[in-house]
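Working notes, structure below.
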Amino acid sequence: MSLEGALETAADGGRDAVMFVFTVTNTSDEAVDLQFSDSCKAEFVVEDDADEVWRFTEGRMFAQVLSSKTLGPGEAATYEAEWSDPDPGEYTAIAELRAQDTTCDARTDVSVSP
């Protein structure tokens, strides 16, 4: 099994919000079954150096629903999150797939203008 992650960001109206789009692609020749234990499929974290400044799941509740998604060879799944009202600065964003027994993550730099 081989999954490749890519993380893109986009500012929405200056510093009102930052949108995250995490794409997970199956780069193997076989289908990959992703098993999830709740309705949150991906985690998004923003760090300033090594200090965490925002986490998508912080203070949120997710339905405890078992679900699965099959990615065929070359297929991708996309997961999104929004960071509202960020402080200006230079950050590192990290996205991580929350599937059971499967790992995939991606990082990118984020710049929030004043």
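Sequence positions, counted from 1, serve as the residue numbers for this chain.
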Least distance between heavy atoms, Ser28 atom then Pro73 atom: O-CB, 3.4 Å
Is any side-chain heavy atom of Phe62 less than 4.5 Å from a side-chain heavy atom of Thr57? yes
Is any side-chain heavy atom of Leu7 closer than 4.5 Å to one of Phe44? yes
Looking at every non-hydrogen atom in both residues, tell me the closest pair between Gly5 and Phe22 and how far apart they are. CA-CE1, 3.9 Å
Look at the side-chain heavy atoms of Ile, Leu, Val, Met, Phe, Trp and Tyr, link any pair under 4.5 Å apart, and say whether Ile94 and Tyr79 land in one connected group. no
Is Asp38 paired with Arg98 through a side-chain N to carboxylate O contact shorter than 4.0 Å? yes
Quick one: does any side-chain atom of Ser39 pair with a main-chain N or O of Ala63 as donor and acceptor, under 3.5 Å? yes
Does any part of the side chain of Asp105, heavy atoms only, come nearer than 4.5 Å to the side chain of Leu97, both counted from C-beta? no
Residue pair Ser84, Glu82: steps toward the side chain to side chain donor-acceptor pair (under 3.5 Å) verdict: CA-CA 6 Å; Ser84 298; Glu82 179 180 306; 3.2 Å; yes
Within a strict 4.5 Å, meaning less than it, do heavy atoms of the Phe20 and Val110 side chains meet? yes
Taking the side chain as everything from C-beta on, heavy atoms only, tell me whether Ser37 gets closer than 4.5 Å to Gln100. yes
What is the distance from atom CD of Glu96 to atom CZ of Arg107, rounded to the nearest 0.5 Å? 9.5 Å
Do the side chains of Glu52 and Val45 get nearer than 4.5 Å, heavy atoms only? yes
Find the distance between SG (Cys104) and CD (Glu4) and round it off to the nearest 0.5 Å. 8.0 Å
Taking atom types as modelled, find out whether Glu47 and Thr92 have a side-chain donor-acceptor pair closer than 3.5 angstrom. no
Which atom pair, heavy atoms only, marks the closest approach of Ala76 to Thr23? CB-CG2, 3.8 Å
Using 30° and 60° as the class boundaries, would you call the ring planes of Trp83 and Tyr91 parallel, tilted or perpendicular? perpendicular
Interatomic spacing from CD in Glu80 to CE in Met19 - rounded to 0.5 Å: 5.5 Å
Will you find, in the side chains of Thr70 and Asp33, an N or O donor that is under 3.5 Å from an N or O acceptor? yes
Taking the side chain as every heavy atom from C-beta outward, state whether Thr25 and Leu3 have any atom pair closer than 4.5 Å. no
Does Lys41 count as lying over the ring of Phe36, i.e. NZ or CZ under 6.0 Å from the six-ring centre, within 45 degrees of the axis? yes
Indicate the atoms forming the closest heavy-atom contact of Trp54 with Ala81, along with that distance. CH2-CB, 4.4 Å
Is there a side-chain contact between Pro86 and Val18, using heavy atoms and a 4.5 Å cut-off? yes
Give, for atom OG of Ser2 and atom CD of Glu30, the distance between the pair rounded to the nearest 0.5 Å. 11.5 Å
Measure from the side-chain N and O atoms of Asn26 to the backbone N and O of Gly72, and report whether any donor-acceptor pair falls under 3.5 Å. yes
